[in-house]
Every structure is written in structure tokens, then in C-alpha cells.
Amino acid sequence: MKNKHDLKPKKISMVNKRIMLTLLLIGFIAMIEYGPPAIPLVEGPSPFNSGALGTSKFVQLLVSEGYNVIPVTNWNKVSNLLNIQQCNEVLIIIISPELSYNNSELLSIKNIMNSCNNVSFIIADEGSYGNQILSMLNSGTRIIASKRILEPTGDPYPYAELKTPSNHMYYLRLDKAAPLQVNDGEIMGIAENLPVASYQIINKSRIYVIGDGSIFLNQVLNLPENVSLPYKNFALQLVSDLTNKQSIILVEASKYISTSNPQQLILSSGLNILNNPELFLLLLSRILHPRFWAPSLFNIINSYIKNLISSPLTRILIALLLVFFSYWFISRYIGKSVHDLKLEDTSEVDVIVDTQIRRTLLGKKIKVSKNDFIALYEVMDQVIMKTVGVRISEPDAIRMLITHGIEEKMAKKYVNDMNKLYMKITKRKFRPIVISWNKKITEMIKLSEKVLNTFGSTLIGEKGIEYKIRYGKFETTKEE
Amino acid sequence: MIYEDSRVKPTRRIFAITILGFFLIISDIFWRNNLMYLGIFFIFLIPLSKNYVETARNIIKRIKINVEALGNIEGKEITIIHRIHNTYNMPVFPLELSLKYPSYFKLIKGSPGGIFLLLPKGYINYKVSFLGRIGEHEIGPLRAVIRDPLGLFRVETVLNNKFTIRIYPKSENVRVARLVVQARTVGLSRTQSKGTGIEFYDVKEFQEGDELRRVYWNAVAKYNKLYVKEFEREITLNIMLVLDASRIMFIGNWGQTPLEQGARTFSSIAKYASIRDDKIGLLWFSEKHLNISPMKRGRVELTNIIKILSSIRWDMLTFNDYDRINALNKAARELVKNLSRDKNIIIFFTAPGNKDYVDTLIKHLLALKNRGNDVYVIIPLTVAYEATTIAEWQTIIYRLRSLDKLKSDLAFASTLRSKGIPTIAVGPRDITQKVINLLEIMRSSMG
């Protein structure tokens with residue numbers, strides 16, 4: 001039957017605790033080695049940047065209007081994406097790229113034009129990288145990145161009259177805009193008498209270029225409604241003129257400087273982390289990551305140990321401590337040590353059950369006592385009575401012993417001495433004076449043995465007195 | 001092979017080697033003394049040794065063992081052979097073996113244990129010889145300790161579980177033959193009527209139904225007629241032997257305890273009875289066990305009795321007087337069930353006990369007697385059994401100091417006699433003689 005303990009659910013550890021700890025240690029070292037995961041935090045006008053300089057608001061605006069917007073993080077993979085989706089009409093929006101395009105990326109953009117029916121472009125850039133796209137499109141328009149349109153006061157925030165392809169006019173303030181060199185397109189915007197926007201159609205591709213990307217930035221679109229509305233309207237009208245809601249809008253998201261260091265981002269972008277909870281959490285995660293604190297901690301420990309072991313005495317002490325700690329640690333792994341004893345042999349016993357008397361006698365130097373004499377007297381009294389028919393204390397004892405073969409002298413001495421000593425021991429007579437009881441009793445035992453031998457019995461041999469007195473009762477010794 | 005699940009355990013030596021290993025490594029780190037590799041070597045020895053022992057344990061787990069026991073007569077050589085066969089291609093060394101055997105046996109050849117090398121695909125013949133004692137005994141288990149060569153780890157396991165051997169009593173054949181002759185010579189067993197005895201009674205003419213082996217050929221030659229010999233009828237007895245095998249019967253020296261003397265005597269009596277064509281049975285009881293061979297005639301029964309005697313258990317436990325009384329009650333019940341309807345002679349060999357035991361014994365014996373059986377009690381004089389094989393002077397003192405015990409034994413006999421139960425107090429020297437004399441007296445009284 002199962003007992004109560006058997007019914008208890010048993011804890012089974014699927015993974016050994018030591019293995020778990022080892023894996024954790026390996027993981028910890030790996031975390032320090034490889035650092036925190038590189039979370040792309042983009043600084044520029046990326047649709048992923050929710051900061052002031054990002055274009056996340058613009059993308060949200062397009063999505064809320066019902067457009068199918070795809071931020072492109074890798075132009076080389078965009079053709080796969082378009083193969084999956086229907087690619088009838090595509091609008092590519094490029095806002096102030098911060099990195100240059102390589103040939104394969106430009107080729108990928110060209111491939112989009114080949115594979116899709118209708119591809120339009122909005123290039124809003126005050127830098128030079130937009131020109132790479134324009135060049136690839138064989139457009140004669142160029143952004144003069146080296147130049148800024150300034151107000152008469154010298155400020156780089158001129159007002160511009162901007163026209164959309166559907167001839168809607170907007171009067172917007174620009175921010176550090178670059179003038180355009182328009183060779184083969186229509187000028188669509190002028191600021192301070194300089195062309196700032198153009199429109200042209202090349203091989204069915206409609207291309208709208210504007211020398212300022214700030215129109216689409218969060219810092220503009222997040223302004224109060226009365227200020228930001230013309231910008232929103234312009235952006236939406238422009239998009240609406242170049243595409244429809246069934247088309248795909250590809251927004252550049254790959255050509256912006258990204259950083260995985262939030263501190264740097266805060267410093268460079270001037271973001272307030274209290275207003276950006278995501279940034280705050282990212283910063284926190286970096287601070288908690290062992291890469292942030294472990295090297296410093298190890299350095300502190302290292303320098304502390306260095307100081308500690310600079311003295312030979314502490315060095316020896318630490319060495320010993322480490323040795324014992326190592327032993328303690330390894331002994332936990334190998335288990336508790338045991339004495340390596342030889343297997344126990346069977347210890348043979350001669351006697352399985354022996355009496356206390358025998359056990360006491362064995363291996364001891366024996367000294368006889370008065371009690372032994374009393375026992376001797378009683379035994380001899382029995383033997384003599386059962387052999388010759390009289391008690392040792394009876395007057396006829398000597399005569400009967402002689403009759404049964406004991407020498408007269410010995411019989412007299414034996415009977416007299418036995419009786420006298422018995423009387424003395426039982427305190428009925430004072431004499432004889434005995435100096436050594438041991439010697440005297442030993443002498444009487446030897447004499448008794450001689451008497452017994454005459455009767456065919458013994459105190460020493462195997463067939464002892466018990467054989468002689470086993471019949472009948474053990475008579476009580478008579479008192480004189 | 002039964003395998004005990006044992007774990008590999010480190011020995012105390014591992015302390016030294018670990019400390020040394022780490023000390024060398026750490027000293028190299030601190031003092032640049034180039035002892036790092038030596039330290040690593042020492043530390044590396046630890047898992048290496050552990051793996052060695054674990055592998056060896058797995059080999060030992062799959063070895064084949066054959067056990068053979070030779071000899072089954074008490075006092076003669078009993079040989080136990082363990083043949084341990086390694087089925088693997090890897091040796092096991094050092095392999096320590098130790099055989100457990102009853103502590104009351106005497107080892108006469110071989111060693112109870114030792115260190116062995118078990119070669120790949122090889123075998124060890126581990127042979128030990130004992131002087132056995134009557135009864136059923138457990139030999140084993142054969143234990144093994146496997147270590148690595150440096151003794152850093154060890155595992156203790158059981159190679160072969162314990163098994164039972166039975167040792168038969170040595171019959172006193174010569175004495176029995178002498179007693180048979182003596183009994184016939186003095187005419188103790190004869191009756192004055194013809195029957196199926198062996199002593200010649202008369203000659204008569206052959207009649208139909210007479211056995212041909214009894215044809216008296218001398219008379220046939222002389223008178224040219226078929227004559228057959230007639231023999232005296234011998235009285236046969238129904239004898240039931242009861243042997244107390246409780247703990248008190250184990251008092252005494254090696255091979256000379258009342259129990260062994262009793263078993264030997266009863267085996268001799270069984271042989272004697274089989275010669276005399278008596279019906280004989282045997283019952284032994286101890287605090288824990290009981291075994292009985294019902295009364296039968298002939299050599300088969302002799303074999304049965306010897307077998308029953310060889311099943312006596314040597315319990316090395318401590319029992320109290322009540323266990324013994326309970327065992328006696330149980331034995332009495334079994335005895336009654338197995339007695340013949342005719343008159344039985346029950347010979348009860350038991351040692352004295354406390355008052356309750358004596359009272360219970362008397363109660364049962366009187367009940368048996370009242371059923372028309374003859375009951376005899378034989379009691380061992382414990383003093384006589386213990387007073388042997390100790391030094392002379394110690395024997396004298398022992399006898400004197402055991403006087404109270406002797407008195408108690410005699411008082412026990414006296415109490416039984418006072419209740420009308422014939423009781424004989426015996427020592428190891430004359431027990432068989434006494435019992436056979438008793439039987440022959442009974443036989444003659446029945447004639």
C-alpha cells in the first residue's frame with residue numbers, strides 16, 4: 001500500500017540547476033561581450049523618427065487619409081515587396097536623405113519604374129542626395145545644395161509660393177531651402193525669386209521636386225492647427241495630384257543616420273526624454289544592460305584586488321582562501337567524500353550465545369573468592385553424598401572417603417579443611433586464620449579435583465561434576 | 001544478478017588532490033611559477049577518475065556470475081565458488097570483493113575478500129571453504145567496491161545476492177551400529193513370538209505365501225523338503241522427536257551447542273529407528289520458525305528427518321521468553337495433529353526456561369501423556385555444554401560460578417519429574433547413548 005509520502009507530487013527538475021546557472025553565466029558574459037541590441041534610432045526626417053525632425057506625422061497623415069504607405073528600409077528588397085502587392089501605380093517620396101545611394105539601390109528604384117505601370121516621385125530635399133535620384137531619372141532638374149535661399153534680412157526662412165500639379169497655390173514659409181536648377185521641367189514654386197519647386201514628366205513618370213524637406217517634418221505638422229494646416233493641405237494635395245488611394249506610396253526610410261545610443265540621440269537631437277517614453281525606456285534598458293555597468297564594476301573590483309594583493313601576506317591569504325573556496329565549490333559538484341574503507345569482513349564468533357559468567361572469565365586473570373569456595377563446598381558436598389552416601393559435614397565422611405579409595409591422610413585433611421573453611425566463611429567460627437584466601441581456596445580446589453578424579457569425575461575435564469550430580473534433586477547443604 | 005543502485009562517491013583522497021591542484025593553479029596566477037599545467041592536470045584527474053569508476057561500474061553491472069556450492073555435511077568442508085565473467089573488452093581494476101557468510105561458520109580455505117583484476121573478456125574464480133554447521137544458512141551477498149587506480153572515487157555494489165545453503169547433520173553411524181548390536185545382544189528388543197525380526201526363532205515347512213528368501217537351504221539339502229526359517233518378531237515403536245531450536249539452545253561452543261548435539265542425536269536416532277523399522281517423525285521449533293516431518297517408517301523417513309533438521313534456522317536475533325512460549329504452544333498444536341493413533345513415544349529435547357515456560361511445557365506434556373503417549377524430556381545441562389574448550393582453570397571457576405545455573409537446570413528436571421514426566425538431564429558426552437537406552441527400555445517394556 002502506498003503511504004502518505006508516496007502520494008505527494010514529486011518535484012522533477014527538467015534542467016539541472018548547475019546547467020541553468022552555467023547557461024546564465026555564459027549568457028551574462030555574452031551580453032557583456034556583444035552589448036545591447038542595436039535598436040535603430042533615427043535622427044533625421046525618417047518616418048520612424050517621432051522626434052521633431054522626423055516625418056512620422058506625415059506618414060500618419062497619409063495613412064489616416066487611406067493611403068497604402070510603406071516605409072522603405074532597404075531598396076534592394078523593395079522589388080520583392082512589390083511583386084507580392086499589386087503594382088499598378090506607385091508614388092515614391094524622398095524627403096531629405098542623409099546618406100548617398102549606391103548603384104544597386106538606384107537600380108532597384110529604376111526596376112520599380114520598369115515593373116510598375118505608373119511611378120511618380122516627390123523629392124523634397126535641400127541636400128545633394130536627391131540629385132542622385134534625379135540623375136537616375138534623366139531629369140535636368142538639380143538641387144543646388146550648396147546654396148540657401150535667404151530672406152532679405154538674411155534669415156534662411158523665406159516664404160515661397162508653391163503650386164501643385166493641379167494648380168493649387170500655397171504660400172508657405174520654408175526652412176533652409178535650397179534653390180533648384182530647372183533645365184527641362186516646369187517651375188512650380190519660387191522663393192525670393194529663386195526656383196524652389198519643379199514638375200516634369202519623364203517616360204510617364206511624374207516628378208515633383210522641392211528644395212526643402214522641412215514642409216513634411218513633424219516640427220511643422222505638430223504646430224497648432226491654424227499654423228500647420230497650409231502645410232498639411234499642401235502635402236496632401238501634392239500626394240493626391242500624383243497618385244490615388246489604390247496606389248502604393250513608398251516613403252524613404254533607409255537613408256538616415258541611425259544611432260543605437262539614446263544618450264547621443266538626446267544630445268544631438270535635443271529631445272526631452274520625459275516627452276518621449278519610448279526613448280526613456282530605451283535609455284533605461286541600456287543603463288540596465290550589463291555592458292553599461294559590468295565593465296566599470298569589473299574595473300573597480302580589479303583595481304581593488306590589485307591593491308589588495310600588492311602585499312605578499314594578503315596575497316597568500318587570498319590564494320589560500322581561493323584554494324579552499326575552489327575545493328568547496330568542486331566538492332559540491334562531486335558530492336560528500338567518504339572514508340575509503342575496506343569492505344567489512346565477517347567476524348567469526350565461536351559462541352553464539354554465551355552466559356555472562358563465561359564471558360567474564362574469558363581473557364581475564366582469575367582470582368578466586370570466598371563465594372567460589374562456598375560453591376566448591378556445595379558441589380563437593382553433592383558429589384560426595386551421591387558417591388559415598390554421606391554429606392561432607394557428617395562424621396562418617398572421612399571413613400567413607402577412605403573406603404572409596406581416597407588416602408587416609410588426604411581424606412582427613414580434605415574433610416577437615418573444607419568444613420573449617422566453610423564454617424569460617426559462613427562466620428560461625430573464627431579459626432583457622434587465613435592469610436591469603438586465594439591461595440587457600442586454590443589449594444582446596446586442587447584437592448577437590450584429586451577427590452573427584454578418584455570418583456571418576458572432574459572439575460576440569462569435559463565430563464564434569466554436572467554428570468555426577470544430575471540425578472535427583474540438588475540437596476541443600478546441611479548446616480552443622 | 002541483482003544490482004544495487006549505487007552512486008559513485010568521492011573518497012577523502014580527493015581533498016588532497018583538489019587542494020594541491022588549485023593551489024598550483026592559484027600560485028601560478030599570483031607568483032608566475034609555471035605550475036599551472038601541473039595543477040590543471042591534477043584537477044583534470046578528478047573527472048577522469050570519476051568517469052573511470054562509472055564505466056567500471058557499468059561493466060560490473062553487466063558481468064555474469066555463476067555460483068556453485070559444494071559439500072553439505074556439518075563439520076566438513078563446504079566450498080562456495082563464484083565465477084565472475086567479464087563480458088567487456090575493458091579490464092576492471094582494482095576490484096575489491098567481500099563475501100558475507102554466517103559469523104558462526106569457520107573459514108578454512110580462501111579469503112573472505114580481496115583485491116582482484118578482472119581482465120577483459122576474462123573471469124575470476126573466487127573460491128572459499130568453510131566448516132559448516134547444521135541447518136539453513138544464508139551465504140552472501142558478494143559485495144564489491146570499484147575504485148579508480150588513485151582511489152579518488154569508489155562505488156560499492158552487490159555482485160550477487162545472498163543465497164541459502166542447507167547443511168545436514170553428521171550421523172553417528174558407528175555408534176548407532178554399535179548400539180543396535182548391543183541392544184540385540186542383550187535382548188532388549190526381543191519378544192517370545194515369531195514375526196518379522198532378524199533374530200532366528202525356529203524352522204518350519206514351506207507353505208504357500210512364505211517368502212522365498214527365507215528358504216533354509218541346509219535343511220532342504222538334508223531332508224529334501226522345502227523348509228523356511230522363522231524369526232523373532234521385534235517390537236516397533238512410534239517415535240516422535242521434538243527439538244527445541246529456540247535461542248537458548250545455541251549456548252555452547254562451536255559445533256557443541258545443545259541444538260547441534262540434539263540434531264545430531266535425533267539424526268542418529270532416526271537412523272537407528274529406520275534399522276529397527278520404527279515409525280519416526282520429527283518436529284523442530286524456534287521463536288520464528290517451525291518444521292515437521294510426520295511419523296513414517298523406513299529409509300525415506302530417515303532422509304526426510306535429515307532434511308527437516310537441515311532446515312533449522314539460525315536466527316541471530318534476540319527474542320524474549322514470551323516468543324518462546326508462543327512457539328511452544330504452536331509446536332504442541334502441530335505435534336498433536338501429527339501423532340499416530342497408537343501409542344507414541346514423544347521425546348522432547350528442550351532447555352530450561354522461566355516459570356511460564358515450564359508451566360506451559362508441563363501443561364502440553366501432561367496433555368500428550370493423558371492421550372496415552374509416553375513423554376520424555378531431555379534437557380541439556382547448559383553448564384556441561386559451555387564448560388568445554390576453555391582453559392582448565394577457567395573451566396573450574398566457570399563450573400563453580402555456574403552452580404546456580406546447574407541448580408536451576410536440575411530444579412527444572414526435578415519439577416518435570418514431580419509432575420510425572422520422566423526427564424533426563426544430559427551433557428554433550430552421552431546424549432545419544434541415553435536416548436537409545438531409553439528407547440530400548442521402552443521397547444522391552446512393550447514386549
Side-chain angles (χ1 to χ4, degrees), chain A residues 309 315-316 318-320 322-327 330-331 334-355 357-358 360-362 364 366 368 371-376 378-379 445 448-449 459-467 469-474, chain B residues 9-15 18-19 22-23 26-27 30 46 50 96 98 100-101 103-107 112-113 143 145 147 151 154 247-248 250-254 257 316 381-384 386-388 390 392-403 405-407 410-411 414 425 427 429:
Chain A
I309 62 171
R315 189 182 289 196
I316 290 167
I318 290 168
L320 286 174
L322 280 174
V323 166
F324 281 103
F325 175 76
S326 310
Y327 174 75
I330 207 157
S331 64
I334 55 179
K336 201 179 172 189
S337 62
V338 291
H339 278 295
D340 187 17
L341 299 174
K342 181 181 173 287
L343 280 171
E344 199 183 336
D345 286 339
T346 303
S347 54
E348 292 178 6
V349 290
D350 196 39
V351 177
I352 297 172
V353 181
D354 58 354
T355 54
I357 299 168
R358 185 189 151 103
T360 314
L361 287 176
L362 284 172
K364 273 192 178 177
I366 304 154
V368 287
N371 286 337
D372 291 328
F373 178 79
I374 292 171
L376 177 73
E378 287 183 16
V379 164
I445 288 171
S448 300
E449 181 61 16
L459 274 169
I460 299 170
E462 276 188 31
K463 198 167 179 178
I465 42 141
E466 55 276 3
Y467 287 84
I469 58 179
R470 62 181 154 172
Y471 301 107
K473 276 188 178 175
F474 192 98
Chain B
K9 289 176 184 165
T11 65
R12 295 283 155 95
R13 289 182 203 97
I14 210 154
F15 177 81
T18 315
I19 293 283
F22 281 119
F23 181 76
I26 289 163
S27 74
F30 283 2
I46 296 168
K50 194 176 181 187
E96 185 188 341
S98 175
K100 188 111 181 130
Y101 60 92
S103 56
Y104 45 83
F105 272 30
K106 270 187 183 161
L107 185 74
R143 301 187 70 80
V145 172
R147 298 180 179 85
R154 60 177 269 148
R247 191 155 175 78
I248 196 167
F250 290 87
I251 287 179
N253 295 300
W254 205 95
T257 60
M316 300 297 279
L381 290 169
T382 342
V383 178
E386 274 221 309
T388 52
I390 47 176
E392 280 186 356
W393 192 246
Q394 284 172 337
T395 310
I396 295 170
I397 304 300
Y398 173 77
R399 280 201 164 102
L400 295 178
R401 292 186 186 174
S402 303
L403 186 61
K405 177 70 186 140
L406 183 63
K407 280 181 189 174
L410 293 176
S414 182
R429 294 292 298 269

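Worth knowing before you read on, the calculation uses all heavy atoms, side chains too, and leaves out hydrogens, waters and symmetry mates. No experiment lies behind these values; they were computed from the predicted model shown. Letters A, B, ... mirror the listed sequences (proteins, then strands); counts begin at 1.
The heavy-atom pair separating Glu96(B) from Leu341(A) by the smallest distance is OE1-O, 4.5 Å. Smallest separation of non-hydrogen atoms from Asp340(A) and Arg13(B): OD2-NH1, 2.8 Å. The two residues Asp345(A) and Gly113(B) have their closest heavy-atom pair at OD1-N, 4.4 Å.
For Phe23(B), the parts lying under 4.5 angstrom from a heavy atom of chain A are both the backbone and the side chain. Only the side chain of Arg154(B) comes within contact range of chain A, judged by heavy atoms closer than 4.5 Å. Proximity to chain B (any heavy atom under 4.5 Å) is restricted, for Lys336(A), to the backbone atoms N, CA, C and O. Proximity to chain B is limited to the backbone of Glu344(A), based on heavy atoms less than 4.5 angstrom apart. Heavy-atom distances place the backbone of Ser347(A), and not its side chain, under 4.5 Å from chain B. The part of Ile46(B) that comes within reach of chain A is its side chain, from C-beta onward, which places non-hydrogen atoms under 4.5 angstrom from that chain. When heavy atoms are compared at a cutoff of 4.5 Å, Ile316(A) approaches chain B by way of both its backbone and its side chain. Only the side chain of Leu381(B) comes within contact range of chain A, with heavy atoms under 4.5 Å apart. Only the side chain of Ile445(A) comes within contact range of chain B, judged by heavy atoms closer than 4.5 Å.
The salt bridge (Lys or Arg N to Asp or Glu O under 4.0 Å) with Arg399(B) is formed by just one residue from the set Glu466(A), Glu449(A), Glu378(A); it is Glu466(A). Partner of Leu376(A) under the side-chain contact (heavy atoms from CB on, under 4.5 Å) criterion, out of Leu400(B), Ile397(B), Leu403(B): Leu400(B) alone.
Rounded to the nearest 0.5 angstrom, Ser448(A) OG and Ile396(B) CD1 are separated by 9.0 Å.
Note on Leu320(A), Leu459(A), Asn371(A): by heavy-atom pairs under 4.5 Å with chain B, the leading option is Leu459(A).
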